[in-house]
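When reading the values below, keep in mind they use all heavy atoms of this one structure, side chains included, and skip hydrogens, waters and symmetry mates. Position 1 is the first residue of the sequence, and the numbers go up from there.
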Amino acid sequence: MNKLNMYIPRMFNNFSLDCVVRHLIRTKLFADGWAPNPRVLERIITKRRSMVEQAGKGLFLVEPRYPVAVGRFRKISKSSKVTTGRFVSPLAVLEEGLLPVESETANFELVVPAGWSPGQRVPLVIHMAATGDHGYLLRRTALAQPLVDRDGVASLILENPLYGRRKPAGQRRSGLRYTTDLYSMGLALIHEAQVLIHWSVQQGFWPVGLSGISLGGHMVTLATACWPLPLPAVPCLSGTTAALSFTEGAISRHVQWTSLSRTYPKFAEDFYKLINFPQKSNQSKFSVDSETNLIVNNKLIDFIFNKFSSLFSEFDKSSTICDFDCRDLLRVAMDETTNLTNYPVARDPRCVVSVVSARDSYVPRGTPLEALWPGVAVRELDRNGHVDCILKEQSAFRSAIRDSLRRFVGLYPSPLDVSLRY
């Protein structure tokens, strides 16, 4: 009986908040399927690869003097003031139609010390949004306000594409309608981060870093990988690929698998053609980074299509016969677009401080960031899960931000030390 009493609390504590939140949230992801049309997927993959190639050559993805509009400041406390700004997302210019019209204008809030004026050197961190974080309030309250009040660190809070005022018509809350919406969001944020880093340095802020939690944390790693210079970065509660989260993690329960199953055959055929590199005939037709231990070859694809070709025409909404194949396909697609092994290594991983949870049901542990970016500082939080850390460890996130900025300044005391080309 004593052993049972010891076991029960441990059983309910482990991931308890993650489980509660998972069952409370009713919003479904990808309810309209894989993509609006195959052309969207093709454009995303082509753009991502060209972007990575450009970043790998040490080139900026946007012009340093990209136009940004800001309003007037207003005081929000004795020690801080705030303003808002906006600019056209570079992705809307470079790939017209890839973002919904509502998402084409990027909005942000800037929180600075009350006495700051342009040209004054003050550290700044750009905060990217977590899943479901619409607007600025949460990040301003938990991160920006304490950082500026206690440490004099300014914050720029970027509104995610497809969130808040950038949410497209027909989307319910944070429920992205298509899988390609997530990929478009990532492409947009990588470009928008570069606009904001350039602009912030030009305003006198230094050093300028990136920070994000959960979804925002992963976007931070992608943006850091594509920035051609050393950069302080703090990814929190995120992995090195979104594939594990959406196919194995708690968030996979919010995926509308029946919708993905209905359009699986056509999408699978189109997608695998897109990622098919010229290879020798005795090699696998489709392969993904070995770290994921996922290989899709000719025989598997032939097996899938032969086995289920007669069943797809009679597929019913309540059927889950394609669930396994949909998960496999989503894993491959997510790895193609979000796996850090498909991006350049951060220019100086010593400036990166990663915060992870010891027990996280939303972000399963895959390849650790330090294995891909040697030199990264990793801090493990001993909490009961993803949600528990978000609610109770904001001070740990702020501490990691301060330390990342200090590490960077110790290595690169001035903009000239990193050869910023403005």
[Y] side chain reached by [X] side chain, heavy atoms, under 4.5 Å:
X	Y	answer
R379	S354	no
N160	R166	no
V363	H218	no
V378	L369	no
V70	W199	yes
M128	S211	no
R402	L147	yes
R407	P232	no

Using atom types as modelled and distance alone, determine if a side-chain donor or acceptor of [X] lies under 3.5 Å from a backbone N or O of [Y].
X	Y	result
Y66	L196	no
S404	A233	yes
T27	R173	no
R253	G249	no
D151	V153	no
Q202	P64	yes
S103	L162	yes
T338	A242	yes

Ring pair (Phe, Tyr, Trp, His ring centres under 6.0 Å) assessment of H127 paired with Y136
CA-CA 10 Å; H127 301 279; Y136 312 124; over 10 Å; no
Gap separating the [atom1] atom of [X] from the [atom2] atom of [Y], nearest 0.5 angstrom:
X	Y	atom1	atom2	result
E109	I76	CD	CD1	6.5 Å
F271	T180	CZ	OG1	12.0 Å
L99	E104	CG	CD	6.5 Å
R177	Q171	CZ	CD	8.0 Å
R43	S184	CZ	OG	8.5 Å
W373	C351	CH2	SG	11.0 Å

Hey, is CZ on R86 packed in by over 12 heavy atoms from elsewhere, all under 6.0 Å?
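Counting other residues, nucleotides and ligands, CZ of R86 stays at 12 neighbours or fewer.
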Neighbour count above 12 (heavy atom, 6.0 Å) for E380 CD
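Yes, the 6.0 Å shell around CD holds more than 12 heavy atoms from other groups.
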Begin from the C-alpha positions of Y264 and W257 and carry the test ring pair (Phe, Tyr, Trp, His ring centres under 6.0 Å) through to its verdict.
CA-CA 10 Å; Y264 169 82; W257 295 107; over 10 Å; no
How are the rings of F246 and F30 set to each other: parallel, tilted or perpendicular (split at 30° and 60°)?
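Because their plane-to-plane angle lies in the 30° to 60° range, the rings of F246 and F30 count as tilted.
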Once you measure the plane-to-plane angle for H134 and Y163, does it fall in the parallel (<30°), tilted (30-60°) or perpendicular (>60°) bin?
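Answer is parallel, since the angle falls under 30°.
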Begin with the C-alpha distance, continue with both residues' side-chain angles, and end with the deciding distance and a verdict on side-chain hydrogen bond (donor to acceptor under 3.5 Å, both in side chains) for S395 and R398.
CA-CA 5 Å; S395 61; R398 295 194 299 268; 4.9 Å; no
Just checking, is any N or O donor in the side chain of Y412 or D348 under 3.5 Å from an acceptor N or O on the other one?
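A pair is found: one side chain offers a donor N or O, the other an acceptor, under 3.5 Å apart.
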Side chains of S80 and S77: is there a donor and an acceptor less than 3.5 Å apart?
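The answer is yes; a qualifying pair exists.
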Could you tell me whether R48 sits above the aromatic face of Y343, with NZ or CZ closer than 6.0 angstrom to the six-membered ring centre and within 45 degrees of the axis?
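Yes, R48 sits over the ring of Y343.
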